[in-house]
Amino acid sequence: MAVRWTGDAAAYADGLERLLRGHADAATAVPMAAYMRDRFPFLGIRNPARTALTKAYAKEHGVPSGEALEAVARRLWALPEREFHYAALELLTKRKKELRPEQTGLLEQLITTHSWWDTVDMLANHLAGALFAKHPELVPAFAEKWIASDDLWLRRSAILFQLGYKAGTDAELLFALIRRTAGESDFFMRKAIGWVLREYAKTNPEAVRAFVRRAELSPLSVREALKHIGE
């Protein structure tokens, strides 16, 4: 049975930091960093081991919630090594059903700090997606704010937050957001457009085919969108 957490956020984050640093492997860190184009330093803890360590720590010490969890996440995110960012996301995901409207600020900070696809996609799909599904009244303002942003990763998040919505997808909104970014040359935007259309095609293939025929999408986006449904 998991422990109910009642302690101090700083102590919790510091304890998890010590645990993970105690399992660092400098030799493994080199190829892990290289895989991410050396954008971030790594401790050298591969995903299965890191997940197991974080799970065991949470089982022993509990999982913070509310403002305490936000403080833990921010503290871990401020550390340079990538495994701490992944650990923060694991803890946040455990409480994603409890996300509150005022925590959009936290999500925006995490999306725009230490930004790369490996963290942004989880933030957009699992966390922002969960928050906006629970509080749809937030969608108009934040979808507009993010898609109009100069920050690539906020724009990508605007495209991807509905990735898991299936029949609950607001297709009109999705297609409108894609039209506004379809002309971008950045690989990550083109890939995101194709990815979200490919997922929505599992629910409504005809709508995706019709949209792709009308929209001026990059070849990459088109190829990804039609990958499983054809022309």
Just wondering, more than 12 heavy atoms not from [X] lying within 6.0 Å of its [atom1]?
| X | atom1 | result |
| --- | --- | --- |
| H135 | NE2 | yes |
| E102 | CD | yes |
| E137 | CD | yes |
| K134 | NZ | yes |

Say you draw a straight line from [atom1] of [X] to [atom2] of [Y]; how long is it, rounded to the nearest 0.5 Å?
| X | Y | atom1 | atom2 | result |
| --- | --- | --- | --- | --- |
| L110 | L92 | CG | CG | 6.5 Å |
| F161 | L173 | CZ | CG | 5.5 Å |
| H23 | R21 | NE2 | CZ | 14.0 Å |
| K202 | K166 | NZ | NZ | 8.0 Å |
| R198 | K227 | CZ | NZ | 5.5 Å |
| L19 | E60 | CG | CD | 9.0 Å |

Inset, instruction - Answer yes if the side chains of T181 and R190 hold a donor-acceptor pair under 3.5 Å, and no otherwise. - result: no
Inset, instruction - Scan side-chain atoms only and decide if D170 and Y165 contain a donor-acceptor pair under the 3.5 Å cut-off. - result: no
Legend entry - Check against side-chain contact (heavy atoms from CB on, under 4.5 Å), L127 and L89: CA-CA 9 Å; L127 296 176; L89 290 177; 4.0 Å; yes
Tell me which donor-acceptor pairs under 3.5 Å the side chains of residues 46-54 have, and how far apart each pair is, sequence neighbours excluded?
unit_1, atom_1, unit_2, atom_2, d
N47, OD1, R50, NH1, 2.5
R50, NE, E90, OE2, 2.9
R50, NH2, E90, OE2, 2.8
T51, OG1, N47, O, 2.9
T54, OG1, R50, O, 2.9

With heavy-atom distances below 4.5 Å as the criterion, would you say the side chains of [X] and [Y] are in contact?
| X | Y | answer |
| --- | --- | --- |
| N125 | L160 | no |
| K191 | W117 | no |
| I178 | L217 | yes |
| I159 | W195 | no |
| V30 | F42 | no |
| L197 | V222 | no |
| R95 | V63 | yes |
| F211 | Y200 | no |

Legend entry - Residue pair R179, E216: steps toward the salt bridge (Lys or Arg N to Asp or Glu O under 4.0 Å) verdict: CA-CA 8 Å; R179 288 190 192 97; E216 296 182 3; over 6 Å; no
Aromatic plane relationship, [Y] with [X] - under 30° parallel, 30 to 60° tilted, over 60° perpendicular:
| X | Y | result |
| --- | --- | --- |
| W77 | H114 | tilted |
| F188 | W153 | tilted |
| H85 | F40 | perpendicular |

Give a yes or no answer on whether the side chain of [X] reaches the backbone of [Y] with a donor-acceptor pair at less than 3.5 Å.
| X | Y | value |
| --- | --- | --- |
| E83 | G44 | yes |
| Y57 | L20 | no |
| R209 | I229 | yes |
| E81 | L43 | no |
| T104 | P101 | yes |
| Q162 | T169 | no |

Anything under 3.5 Å between a donor and an acceptor, one on a side chain of residues 66-73, the other on a protein residue two or more places apart or in another chain? List them.
unit_1, atom_1, unit_2, atom_2, d
E70, OE1, Q103, NE2, 3.4
E70, OE2, R74, NE, 3.3
E70, OE2, R74, NH2, 2.7

Legend entry - side-chain hydrogen bond (donor to acceptor under 3.5 Å, both in side chains) evaluation trace for R223 with S218: CA-CA 9 Å; R223 185 167 62 250; S218 71; over 6 Å; no
Legend entry - Option passing side-chain contact (heavy atoms from CB on, under 4.5 Å) with T112 (candidates V120, D151, L107): D151
Inset, instruction - In plain terms, say whether E17 and R75 are close enough for a salt bridge, that is, a side-chain N and a carboxylate O under 4.0 Å apart. - result: no
Legend entry - R155/E184 ion pair, N-O < 4.0 Å: yes
Legend entry - Verdict with supporting geometry, R156 and D186, salt bridge (Lys or Arg N to Asp or Glu O under 4.0 Å): CA-CA 10 Å; R156 182 174 166 101; D186 185 87; over 6 Å; no
Inset, instruction - Can you see which heavy atom on R180 is nearest to which on A148, and at what distance? - result: NH2-CB, 4.0 Å
Inset, instruction - Please answer: with hydrophobic residues joined when any side-chain heavy atoms are less than 4.5 Å apart, are F187 and L152 in the same cluster? - result: yes
